[in-house]
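Accompanying notes for the structure given below.
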Amino acid sequence: MLWLYLHFPNLQLDALLSQAQGEEIAPLVILDQHSHNIVQLSAKAAATGITLNMGLGTAAALAQDLQVVPYVPRITEDKLHEIAEVLYLSTSDISFFAPQGLLLRIHNMLRLYGDLSSYWQVLKNQLAPLKLTYHYATGHSPLAANILAKKGWNTISDDLELLRRTIAQCQLSETDIAPKTQQQLMRVGVRNVQDLLRISFADMAKRFDISLVNYLGRLSGEFKHPIEFYHPPEVFKRYMELLFDVDNSQFLQGPLGHVLKVLEQFLKLRDRLTQSLIIQFYQRDHEHIEWTVGSQQGEYLASRWHALIAIKLEQLKLDSAVYAISLTTGKTQIRSPDKGDLFSAKKGSLSRLQLVSLLQAKLGEQAVVSPAINNDFRPEHAASYHSPAVAKELNHDMSPMLQAMRPSFLLSPPQPLREKVTVLYGPERLNTGWWDSRPVIRDYYIAHNEQGQWYWVFKGPDGDWHLHGVFS
């Protein structure tokens with residue numbers, strides 16, 4: 001069995017630096033708020049002499065323009081899930097080693113990729129666009145790969161003899177054995193993993209805690225290591241801490257654009273669309289703001305979602321600075337291939353539903369309506385206005401009887417006919433509406449006047465003629 005461990009020591013730092021997009025920023029460190037020590041630092045911070053586990057006071061003295069960001073476990077967790085989603089395309093068995101590592105079972109993937117070097121090249125190509133700092137190593141057991149990767153071995157090999165020799169040379173301080181247990185082992189002359197492996201499990205159980213026996217058994221591969229493998233989610237969800245607090249809503253377009261690119265990759269790989277995005281803006285001194293941005297057609301492209309969000313951002317008023325954003329998709333659906341007529345002329349770049357989505361983002365969902373045909377023969381009640389989605393459903397189910405010849409323009413209310421016309425078609429009698437106290441008894445005709453205009457006229461029970469519509 002062969003395992004690969006990927007160790008990401010600077011996930012929160014990498015997530016923040018990805019927003020800079022090449023811009024010059026001050027020395028940046030991630031601070032553990034419990035110990036007040038530096039746990040992650042940028043190259044510019046390291047150049048000033050700052051090191052890992054250094055206290056904040058000492059670090060601030062070395063760099064006057066030091067930028068300090070508190071460590072947020074949620075950012076690391078979300079970034080790790082993002083990496084797993086990308087690697088899942090080439091590896092089926094992925095497990096999380098919280099808080100900074102991914103374990104990959106790879107011996108069953110070599111048949112697909114031919115050899116280990118080809119498989120590793122695929123993984124490197126997938127990790128390259130993410131611009132992450134990481135260490136890696138293979139091992140004959142999950143714990144062996146974990147120790148070698150965190151040590152920074154950075155070697156990919158399927159030579160089991162080499163892997164066993166390398167892990168045997170590791171010091172106890174490079175393992176996850178508790179410091180107190182390490183001191184007890186050093187008192188009896190055990191200083192590295194090789195010395196530890198020479199002790200039988202029976203002797204070890206007599207002198208040390210059973211947890212050490214289990215750890216050594218999993219390290220050597222003699223005990224089964226319990227692994228829970230990752231299954232990718234169907235819903236996209238991302239939380240992003242901003243590099244700087246933002247008090248201008250237009251400056252949020254950059255971070256949102258970064259998340260939308262990740263969303264596009266997520267949906268594209270699954271060949272799916274979403275019709276809604278839920279966006280939350282976390283304000284420093286006020287309640288967070290929640291939006292729902294909709295697309296009637298359903299989209300996956302970042303550029304189209306960005307256009308809708310940009311319109312909404314013009315209307316956003318912030319109560320205080322935004323320090324983080326989150327984006328979640330609504331329900332997703334399978335993306336159908338675009339259908340078009342090979343011989344049709346080129347039309348506008350927007351479809352009807354895309355135009356509706358833009359109008360709703362600009363004016364609000366309640367301000368955009370579409371006409372729908374009602375199942376009613378009375379002209380005054382034959383049409384009504386609804387939301388575009390409801391109108392489309394009503395028009396799809398309309399009765400074929402309502403597709404009779406009707407004018408484009410109706411007069412409300414009908415006007416008395418005061419000019420001479422020539423009747424060409426009719427009568428069409430309507431005797432309906434008795435059930436709601438608004439009865440209609442009319443004989444309708446199609447006629448035209450002396451100027452050539454086409455009218456829709458009717459005669460009532462009293463014999464009076466009225467003009468009700470004009471044909472275009």
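Small disclaimer: the values here were computed from a predicted structure and weren't measured.
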What are the two closest non-hydrogen atoms of [X] and [Y], and how far apart are they?
| X | Y | value |
| --- | --- | --- |
| T175 | L172 | OG1-O, 2.6 Å |
| F201 | E222 | CE1-OE1, 3.6 Å |
| A145 | G139 | CB-N, 3.7 Å |
| I167 | V193 | O-CB, 3.3 Å |
| H225 | R218 | ND1-CD, 3.5 Å |
| L216 | I199 | CD2-O, 4.4 Å |

Check: [Y] main-chain N/O paired with [X] side-chain donor or acceptor under 3.5 Å:
| X | Y | value |
| --- | --- | --- |
| R270 | F266 | yes |
| H107 | L2 | yes |
| Q40 | L13 | yes |
| Q184 | F208 | no |
| S303 | L301 | no |
| S320 | Q283 | no |

So, taking the atom named OG in S295 and the one named CZ in R304, what distance separates them when rounded to the nearest 0.5 Å?
9.0 Å
[Y] and [X], any side-chain heavy atoms less than 4.5 Å apart:
| X | Y | result |
| --- | --- | --- |
| I289 | L318 | yes |
| L132 | L11 | yes |
| F223 | V213 | yes |
| E241 | Y282 | no |
| T274 | F236 | no |
| Y113 | W120 | no |
| K79 | Q12 | no |
| K237 | S326 | no |

Show your working on salt bridge (Lys or Arg N to Asp or Glu O under 4.0 Å) between E77 and R74 and close with a plain yes or no.
CA-CA 5 Å; E77 182 181 346; R74 179 179 177 181; over 6 Å; no
Using a 3.5 Å cut-off and no angle test, enumerate the donor-acceptor pairs between side-chain atoms of residues 45-67 and protein atoms at least two apart in sequence or in another chain.
unit_1	atom_1	unit_2	atom_2	d
T48	OG1	A45	O	2.5
Q67	NE2	L243	O	3.0

Which atom pairs, donor and acceptor, lie under 3.5 Å between side-chain atoms of residues 85-104 and protein residues at least two apart or in another chain?
unit_1	atom_1	unit_2	atom_2	d
E85	OE1	R238	NH2	2.8
S90	OG	L87	O	3.2
S90	OG	Q126	OE1	2.7
T91	OG1	Y119	OH	2.5
D93	OD2	R105	NE	2.9
D93	OD2	R105	NH2	2.8
D93	OD2	N108	ND2	2.9
S95	OG	E228	O	3.1
Q100	NE2	P9	O	3.1

If only side-chain N and O atoms count, and only distance matters, is there a donor-acceptor pair under 3.5 Å linking D159 with S157?
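Result is no, nothing qualifies.
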Just checking, any donor-acceptor pair under 3.5 angstrom between side chains of N146 and Y5?
yes
Among W291, Y239, F251, ring pair (Phe, Tyr, Trp, His ring centres under 6.0 Å) partner for F281:
W291
Hey, can you tell me if H7 and H135 have their rings parallel, tilted or perpendicular (30° and 60° cut-offs)?
parallel
List the steps and the verdict of salt bridge (Lys or Arg N to Asp or Glu O under 4.0 Å) for D176 and K150.
CA-CA 11 Å; D176 295 327; K150 290 194 293 186; 3.1 Å; yes
